[in-house]
Structure formats: structure tokens, C-alpha cells
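Data first, discussion second: the structure below is written as C-alpha cells.
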Protein chains: 2
Amino acid sequence: MTAAEATDMPDDGALRTPDRLRRRTSRLLSQLTVRSDRLINEGLAARADARKWHYAVLASLQDLGPGSQATLSRRTGIYRSDMVGVLNELAGRDLVERTPDPDDRRRNLITISDRGRRQLRRLDQVLDTLHDELLAPLSPYERAQFTRLLTRLLDHHTRAS
Amino acid sequence: MTAAEATDMPDDGALRTPDRLRRRTSRLLSQLTVRSDRLINEGLAARADARKWHYAVLASLQDLGPGSQATLSRRTGIYRSDMVGVLNELAGRDLVERTPDPDDRRRNLITISDRGRRQLRRLDQVLDTLHDELLAPLSPYERAQFTRLLTRLLDHHTRAS
DNA sequence: TCATTGCGTTAGTCCGACTAACGATATACG
DNA sequence: CGTATATCGTTAGTCGGACTAACGCAATGA
């Protein structure tokens with residue numbers, strides 16, 4: 001009797017996922033990202049009426065100062081086509097102000113408001129707890145290590161491209 | 001003069017991404033996954049005229065035996081709505097056979113063909129080299145560790161949901 | 001002056017994940 | 001038996017995110 005025959009009787013034909021599939025790093029990566037994205041999106045929506053783009057834009061404004069939509073687009077990686085909508089949402093919540101740039105009349109100058117600053121603080125808190133959930137099974141040391149590995153991989157593939 | 005004033009002169013307002021954004025694990029995760037998915041998709045398309053679902057279905061058939069479309073859907077995580085298309089592609093390449101199940105006339109029984117088995121071997125090779133590219137900057141030990149951490153995280157979030 | 005470039009915006013494509021509903025079975029229960 | 005319920009394969013369609021194309025407008029540089 002082989003090991004397989006000995007152990008797997010409960011109809012593996014239906015439920016199981018083959019190992020070579022389950023172990024592939026790329027698959028682990030994308031499956032985890034699906035969960036992570038869901039966690040973050042739903043968490044931000046539920047607890048702060050926000051989306052991750054809001055965080056990206058607000059953080060960029062706070063940390064690097066005001067800028068045109070194109071500038072923000074470059075800083076955050078949001079496509080300039082999609083930036084319009086994000087800024088509409090943010091302006092609708094009074095978190096940013098969109099004023100024509102006197103120096104270059106093609107531009108809108110985007111500034112963060114006081115409300116925006118408060119919301120950014122809130123978002124940072126919410127994200128902290130969400131990341132706590134995301135990384136729950138890992139020790140602090142493992143979390144740091146995980147992040148380090150991710151960073152190195154991403155750096156490598158960002159330079160290369 | 002503050003540290004920031006001392007160091008940042010080259011117009012950080014435009015190009016830089018704020019640190020709190022760049023460091024968030026969830027963001028690292030999704031950005032890396034974008035690159036990873038691209039690498040895998042393009043690699044499989046270019047080197048084996050395949051998509052990742054082909055691999056998932058073929059591996060499932062080879063390792064766990066033939067099954068209905070619904071079964072394959074459960075094994076691979078591909079939605080049964082999308083399974084139709086994937087099996088059309090596979091059948092069009094003569095990698096699987098779709099025959100009506102005599103025992104249950106609602107079902108199609110899917111079987112892997114010899115060509116399918118050969119293609120699966122090829123896909124495994126291609127995926128190995130692609131993962132080598134994906135994990136290039138990491139040592140063997142670090143790769144193992146990375147995979148272990150990913151697995152633990154994914155397990156945690158799969159049970160929880 | 002005129003060509004080029006960058007800007008904000010609209011519209012629309014593409015793809016993957018996912019839902020809804022269908023006709024055709026199969027199964028369970030009264 | 002008969003009828004309700006569940007499952008199967010399939011089609012169609014929604015939704016969100018990434019990305020492209022093209023527009024009118026303003027600034028820039030030869």
C-alpha cells in the first residue's frame with residue numbers, strides 16, 4: 001500500500017488542490033494579495049469611508065507638499081486618467097482643495113485641508129490595525145523580515161523594468 | 001537647517017513617493033504581485049502558448065485524476081463560469097478531452113491527454129525558470145523563508161474567511 | 001510665429017473576479 | 001409514484017482596477 005493510498009481516502013478528487021500548484025510562489029503571492037486588498041479596501045470603506053487612493057494622495061500632499069494633478073499622479077502611481085475621480089471624491093469630502101494655479105493656467109493646484117490632515121491621521125491608524133490583522137500570524141521579527149524581502153524583490157523588479 | 005531641507009533639494013515634489021506609502025506591506029504586496037503576474041503571464045504566453053489556468057487545470061488532472069468541470073473548478077479556484085472558456089482553450093489545443101459522463105448526464109468528464117501531459121511537463125519547466133527570475137535577488141534560504149511566510153499568512157486568511 | 005510639449009478631462013478598452021439565471025438533469029422525501 | 005430541491009454546464013452581464021486615445025487648452029522654445 002502506497003503512502004498516498006494509505007492517507008488520502010476522503011475523496012481528494014474533489015476538494016484538494018494539487019501541491020505543485022499550491023506551492024508556487026507566484027500563486028501564493030496573488031492569492032494573498034487578493035485577501036490583503038479585500039481586507040484593506042473593506043476596512044477603509046467601513047471604518048473611514050475611504051479608499052486606498054485617498055490615503056496615497058493625502059499622504060503625498062502632507063509629506064511632499066501641494067502639487068498639480070500630474071505631479072500627484074507620478075508620486076502615487078495613480079494614472080492621471082483616474083486621478084480626476086479620486087480628487088473629486090476627496091474634494092467632495094472637503095479633504096483637499098483644487099484651485100487653478102496662477103503660474104500655469106493649465107494646472108490645478110491641489111492642497112490638503114485641515115480636515116484632510118485629520119483624515120490622514122485617522123487613515124494611518126486604521127491602516128495600522130488592518131496591517132496588524134494582515135500580519136497577525138507573524139512575530140514582529142518575521143513581519144520585519146517579510147517586509148524586507150518584499151522590498152528587495154520589488155526594488156529588483158522596478159529597476160529592471 | 002532641518003534634515004529634510006539639507007537633503008531633498010532635487011525636486012522631491014514631483015518624483016518621490018512618500019515613505020509611509022512606500023513602506024506599507026499591503027502596497028508592497030500588491031505592487032509585487034502586479035509584476036509577478038505580468039512576468040508569469042507573459043512568460044507562459046511567449047514560451048508555451050499558455051496561461052496560468054492551463055497549468056492549474058492540467059496539474060489538477062494529472063495529480064488528482066479526471067473530474068467534472070465543477071470538480072476542477074473547486075480544485076483550482078477557477079470560477080465555474082470561467083472554466084468553460086479555459087477548457088475550450090485546452091480542448092482546442094488537444095490537451096484535454098471533454099466527454100459526457102455516462103453515470104451523470106449533467107456532467108462532462110475531463111481527461112488529460114498525452115499531449116496534455118507533455119505540455120504540463122513543459123509548463124513546469126517554464127514556471128521554474130520564471131520563478132527563478134521572480135526570486136532572483138534572494139538566496140535559496142531566503143526564498144524558502146519567503147515562501148514559508150507567504151504560506152502561513154495565506155493559511156491564516158483562508159481559514160479565517 | 002509655429003511646432004511641440006505638458007496639462008486636465010472624457011471616453012472607452014481590457015482583463016480578472018464574481019453574480020444571476022437558464023435548461024437539463026439527478027436526488028431526496030412525502 | 002410525484003414533486004421539491006440541488007447540482008451541472010453554460011451564457012450573459014456586472015464591477016473594479018489598470019491602461020490607452022484623443023481632445024482642447026495653455027506654456028515653451030526654436
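Just so we're on the same page: letters track the sequence lines, and every chain starts at 1.
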TODO: Take D19(A) and R24(A) through the test salt bridge (charged side-chain N to carboxylate O under 4.0 Å, His left out) and record every step on the way to the result.
DONE: CA-CA 9 Å; D19(A) 260 32; R24(A) 287 283 178 193; over 6 Å; no
- [ ] Evaluate the criterion side chain to side chain contact (heavy atoms under 4.5 Å, CB included) for residue pair R98(B) and Q69(B); output intermediate values, then yes/no.
- [x] CA-CA 9 Å; R98(B) 184 155 35 176; Q69(B) 297 190 186; 3.0 Å; yes
Open item on the list: I want to confirm an ordering. Mapping N41(B) and R105(B) to their closest nucleotides on DNA chain C, which one lands closer to the 5' end?
Closed with: N41(B)
Open item on the list: Whether the side chain of R105(A) engages the backbone of P100(A) through a donor-acceptor N/O pair (distance < 3.5 Å, no angle test) should be reported.
Closed with: no
- [ ] May I have the step-by-step check of salt bridge (charged side-chain N to carboxylate O under 4.0 Å, His left out) for D155(A) and R22(B), ending in yes or no?
- [x] CA-CA 11 Å; D155(A) 277 359; R22(B) 210 154 25 94; over 6 Å; no
TODO: Please report, rounded to the nearest Å, how far the P atom of dT25(C) is from the CG atom of D103(B).
DONE: 15 Å
Open item on the list: Please report the distance, rounded to the nearest Å, between CG in L72(A) and P in dC7(C).
Closed with: 12 Å
TODO: Please check if any side-chain donor atom of S60(A) sits under 3.5 Å from a side-chain acceptor atom of R75(A), or the reverse.
DONE: yes
- [ ] Find the distance R35(B):CZ to dA18(D):P and express it as a whole number of Å.
- [x] 12 Å
Open item on the list: Please report the distance, rounded to the nearest Å, between CG in D101(A) and P in dA26(D).
Closed with: 14 Å
Open item on the list: Does dA17(C) have its OP1 or OP2 closer than 4.0 Å to a side-chain nitrogen or oxygen of R38(A)?
Closed with: no
Open item on the list: Using modelled atom types and a 3.5 Å cut-off, is there a donor and acceptor pairing between side-chain atoms of R122(B) and backbone atoms of R47(B)?
Closed with: yes
Open item on the list: For a quick test of reading the model: is some side-chain N or O of Y79(B) closer than 4.0 Å to OP1 or OP2 of dT19(C)?
Closed with: yes
Task: Pair R107(B), S68(B): side-chain N/O donor-acceptor within cut-off below 3.5 Å - done: no
Open item on the list: If you apply the rule side chain to side chain contact (heavy atoms under 4.5 Å, CB included), what do you find for Q119(B) with R93(B), and how did you get there?
Closed with: CA-CA 10 Å; Q119(B) 170 76 337; R93(B) 290 164 172 76; 5.7 Å; no
TODO: Could you encode protein contacts along nucleotides 2-10 of chain D as a string, one character per nucleotide from 5' to 3', using B for base contact, S for sugar-phosphate-only contact and - for no contact, with a heavy-atom cut-off of under 4.0 Å?
DONE: ----BBSBB
Open item on the list: Please report the end-to-end axis angle for the helix from dT1(C)-dA30(D) to dG30(C)-dC1(D), five pairs per end, rounded to 10 degrees.
Closed with: 0°
Open item on the list: Just the rounded figure in Å: distance from C1' of dC18(C) to CD of E42(A).
Closed with: 13 Å
TODO: Please assess L135(B) against F146(B) for the test side chain to side chain contact (heavy atoms under 4.5 Å, CB included), listing each intermediate value before the final yes or no.
DONE: CA-CA 9 Å; L135(B) 302 174; F146(B) 185 59; 4.1 Å; yes
Open item on the list: Can you measure L29(B) atom CG to dG17(D) atom P for me and round it to whole angstrom units?
Closed with: 17 Å
Task: Whole angstrom value for the distance that separates P of dC18(C) from CD1 of I78(B) - done: 12 Å
Open item on the list: Whole angstroms only, please: what is the CG-P distance between D82(B) and dC15(D)?
Closed with: 17 Å
